[in-house]
Structure formats: C-alpha cells, structure tokens
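Indexing begins at 1, ligand by ligand and atom by atom, following the structure's order. Numbers here are sequence positions counted from 1.
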Amino acid sequence: MIDTKRWKIAESGKSKEETIAEAAQLLKAGHTVAFPTETVYGLGADATNAEAVAKIFQAKGRPQDNPLIAHVASKDQLLKLVDSLPDYVENLIDAFSPGPITYVLPSNGICAENVTAGLPTVGVRIPSHPVALALLKVCDVPIAAPSANLSGKPSPTTADHVWEDLNGRIAGIVDGGPTGVGVESTIIDCTQETPSILRPGGISKEEIEEIVGKVLVDPALDNGDTKEKPKAPGMKYTHYAPEVPLWLVEGDNARLQKVYQELVDEGKRVGVLANRNTLEKLNVTDQISLGESLEEVAANLYDSLRRFKQGEIDIILCETYPEIGIGQAIMNRLRKAASRYVEK
Ligand code: AMP
Ligand code: MG
C-alpha cells in the first residue's frame with residue numbers, strides 16, 4: 001500500500017501553483033500521479049523513465065502489450081519525440097491541439113520502450129485541460145498517462161472515481177473537478193499518407209476530414225463486434241465494463257420498455273440508462289439520465305455506468321445512439337462495455 005496524496009485544486013490551502021509543483025516533483029522523482037484532462041483522468045508517470053512507467057502498468061493491472069499515450073504541453077515538445085511527419089500532421093495539430101486527439105507517429109526512442117510496448121510508433125497528445133497543461137509545463141518531460149482506472153473498468157471522470165480504483169496504489173491524485181468531454185481522445189494513425197482513425201473519441205471523423213480531406217477508419221478498429229449474437233457477460237469485451245452487466249438495446253422506446261418489462265417479470269432488478277427525452281417516455285423505477293445532447297451523454301457516460309451498484313441492480317439496460325460526431329465514440333465505448341447487444 002502506498003499512502004496516496006490528494007490535492008484539491010483551488011480548495012486546498014495551497015495555491016494552484018504549489019499543488020502543481022508538488023505533483024510535478026513526485027512525477028519527476030519517478031512516482032505515479034493522477035490528474036484531470038479534458039477527456040478523462042490520466043495516471044501519469046515520466047515517459048522517459050521505464051521504471052516509473054512500469055508503476056502505471058502495475059497500479060492499473062494493465063496488459064504490458066497495450067501502449068500508453070505520451071502527454072506533452074506544446075507542439076515543440078511533441079516534435080521532440082518523433083521522427084519525420086507527413087505534412088498533414090502539422091495541420092491537424094494546428095487545428096485540434098491542445099485537445100482530445102492523439103497522433104500515432106514514428107517514435108525517435110525518447111519515450112521508454114514500455115510506453116510504446118516495443119512498437120516503432122508513439123502516441124502523443126497535447127491535452128487542453130488547464131491543470132494538465134500547467135502540470136506538463138512544470139514537469140518539462142513527456143508524461144505517459146493512460147486512463148486512471150483499474151484496467152477493464154469504466155474510465156474515471158472525477159477524482160472520486162480515481163480514488164475508488166487506485167487509492168493505495170499510486171502516489172497522488174490532483175483533483176480538478178469533473179472532466180469535460182468524458183470519453184477518451186480520438187487516436188489517429190499518422191504514419192501513412194492517409195491518416196486512419198484507430199479509436200473514435202473527442203474529435204469526430206467529420207471534423208478531421210474538414211482539415212485533411214480523406215480519413216480512413218482502421219478496419220481493425222475494435223468496436224466490440226457484439227452485433228452478431230448476444231454474448232455472455234465476462235467474455236471478450238470487458239473494456240469499460242461496469243460492475244453490473246450492461247445490455248445495449250437497439251430500437252425505439254417501446255422496445256426498451258418491453259425488454260425492461262420482460263426482465264422485471266423474471267424477478268430481475270433493472271436499471272435504465274438513457275437520455276432525458278427517452279426516460280420521460282418510459283415507465284421504469286431505477287433510472288439515470290445521461291442528459292440531452294450527445295455531448296452531455298459522453299460527459300455523463302462513465303460516471304453513470306459506475307453509479308449502478310452490484311447488490312442493488314442485476315442488469316443495466318441502455319439505449320443506442322446515432323453514430324454521428326461524438327456519437328461514434330459513445331457507441332464504441334458502449335459496445336465494448338456491454339455484455340449483450342439486444343437487436344431490434
Ligand atoms: P488509454 O490511455 O487507457 O485510453 O489507452 C491508450 C490507447 O492508446 C490504447 O488503446 C493504446 O492501444 C493506444 N495507443 C497508444 N500508443 C499507441 C501506438 N503507438 N500505436 C497504436 N495505438 C496506441
Ligand atoms: Mg483506458
């Protein structure tokens with residue numbers, strides 16, 4: 001057990017600068033510190049120090065072959081981690097960074113080998129959250145930072161989520177309040193002539209196309225291909241999985257109500273996750289509203305998945321969302337989190 005420090009930006013007796021200086025000192029000394037970004041909370045360690053990076057894998061229980069994203073404060077710092085770039089990358093950086101987008105680029109070896117999982121490429125991002133940016137600036141080294149959750153669980157969007165998963169396993173948590181976007185960054189492979197989306201996220205395919213024209217979607221993009229047939233809980237797609245099994249239900253409100261009723265008639269305690277509009281039209285007992293717009297759904301998604309607790313609820317039902325804009329990221333995460341996909 002490590003004694004996990006917790007600083008609350010603005011509310012602690014210390015100034016923001018003092019808190020950030022303390023957190024940066026721990027990071028530079030090779031410890032792990034969680035901090036807010038505009039997407040989700042990240043668990044940081046010095047990306048040039050393999051021993052420090054190893055602590056991230058240990059704390060999260062993350063598989064070693066899953067590379068980490070290196071976070072930097074500026075374009076100059078980003079360019080120091082990579083070899084040659086296709087021209088379009090600078091256009092993307094100028095358009096979207098700082099922001100929720102990660103560029104996969106040829107690594108020049110400055111990041112430790114366990115950051116890149118031995119790949120010749122490195123994923124680099126400039127977050128836009130003021131606390132993340134300030135911390136990265138003071139550190140002045142790239143900070144490897146995957147989501148600050150236990151591997152497999154929903155990503156953390158508040159410092160309490162981080163505390164719930166990692167208290168005693170990491171050196172500190174900088175609490176900067178809830179994150180904004182709520183789903184992880186878009187990952188874009190920029191090693192080829194045409195960029196290719198590896199993971200949908202905070203910046204949509206449509207927005208990227210406006211800058212670079214053609215964008216591919218990687219055929220290997222793991223969308224948790226649960227469409228074929230219902231899958232048993234705990235099978236292959238356990239990423240982002242809540243404590244309680246999640247079923248994704250395709251179709252209209254009447255369909256959701258019907259699936260709900262069938263389960264209740266079987267004696268199941270069912271929680272429903274849907275946007276406000278849908279919930280107003282349903283007759284259900286346990287419900288959590290994801291808000292109204294797709295942006296609100298993204299921002300509330302992981303927190304809501306964590307709110308349904310084992311022992312209180314047996315199954316979570318969630319509606320599906322249109323795959324436009326941030327809806328692509330929402331559906332990607334929901335498919336992976338779900339143990340079952342109930343078709344129309
Ligand atoms: P997380 O920060 O937990 O959201 O996970 C980081 C994601 O970035 C993982 O899905 C990694 O597979 C991906 N990633 C990081 N570096 C690379 C890279 N060099 N090539 C491809 N994917 C990467
Ligand atoms: Mg993650």
Discussion item. Quick test of your reading of the model: are E38 and R125 salt-bridged, counting only N-O distances below 4.0 Å?
Written reply: yes
Worksheet item: Quick one: does I187 get a heavy atom under 4.0 Å from ligand 1?
Response: yes
Worksheet item: Between the side chains of E343 and Y341, is a donor N or O closer than 3.5 angstrom to an acceptor N or O?
Response: no
Worksheet item: Side chains of S185 and R199: do they bring a donor and an acceptor to under 3.5 Å?
Response: yes
Worksheet item: In ligand 1, which numbered atoms sit nearer than 4.0 Å to a non-hydrogen atom of I69?
Response: 6 (C), 8 (O)
Worksheet item: What atoms of ligand 1 come within less than 4.0 Å of a heavy atom belonging to R199?
Response: 1 (P), 4 (O), 5 (O), 7 (C)
Worksheet item: Of all the atoms in ligand 1, which lie at a distance below 4.0 Å from a heavy atom belonging to N66?
Response: 9 (C), 10 (O), 11 (C), 12 (O)
Discussion item. Looking only at the side chains, is there a donor atom on one of T191 and D189 sitting less than 3.5 Å from an acceptor on the other?
Written reply: yes
Worksheet item: the Mg ion (ligand 2) to S147: any N/O/S contact under 2.8 Å?
Response: yes
Fill in: From S107, G123, P146, A70 - option closest to atom 2 (O) of ligand 1 by heavy atom
P146
Worksheet item: What is the closest protein heavy atom to atom 3 (O) of ligand 1, and at what distance does it sit?
Response: R62 NH1, 3.0 Å
Worksheet item: Do the side-chain N and O atoms of Q261 and D265 include a donor-acceptor pair separated by under 3.5 angstrom?
Response: yes
Worksheet, complete the sentence: for atom 17 (C) of ligand 1, nearest protein heavy atom and its distance come out as P67 CG, 3.5 Å
Worksheet item: Among protein heavy atoms, which sits nearest to atom 21 (C) of ligand 1, and what does the distance come to when rounded to 0.1 Å?
Response: L198 CD1, 3.8 Å
Worksheet entry | Where ligand 1 meets T121 - atom numbers and elements under 4.0 angstrom, heavy-atom basis | 18 (C), 19 (N), 20 (N)
Worksheet item: Distance only, no hydrogens: is a donor on one side chain within 3.5 Å (strictly under) of an acceptor on the other, for S147 and E184?
Response: no
Discussion item. When you compare the side chain of L305 with that of L273, does any pair of heavy atoms fall below 4.5 Å?
Written reply: yes
Response to the item:
A student checking ligand 1 against L68 at a 4.0 Å heavy-atom cut-off should list atoms 15 (C), 16 (N)
Worksheet item: Hey, which of N149, T179, D303 is the one that makes side chain to side chain donor-acceptor pair (under 3.5 Å) with H161?
Response: D303
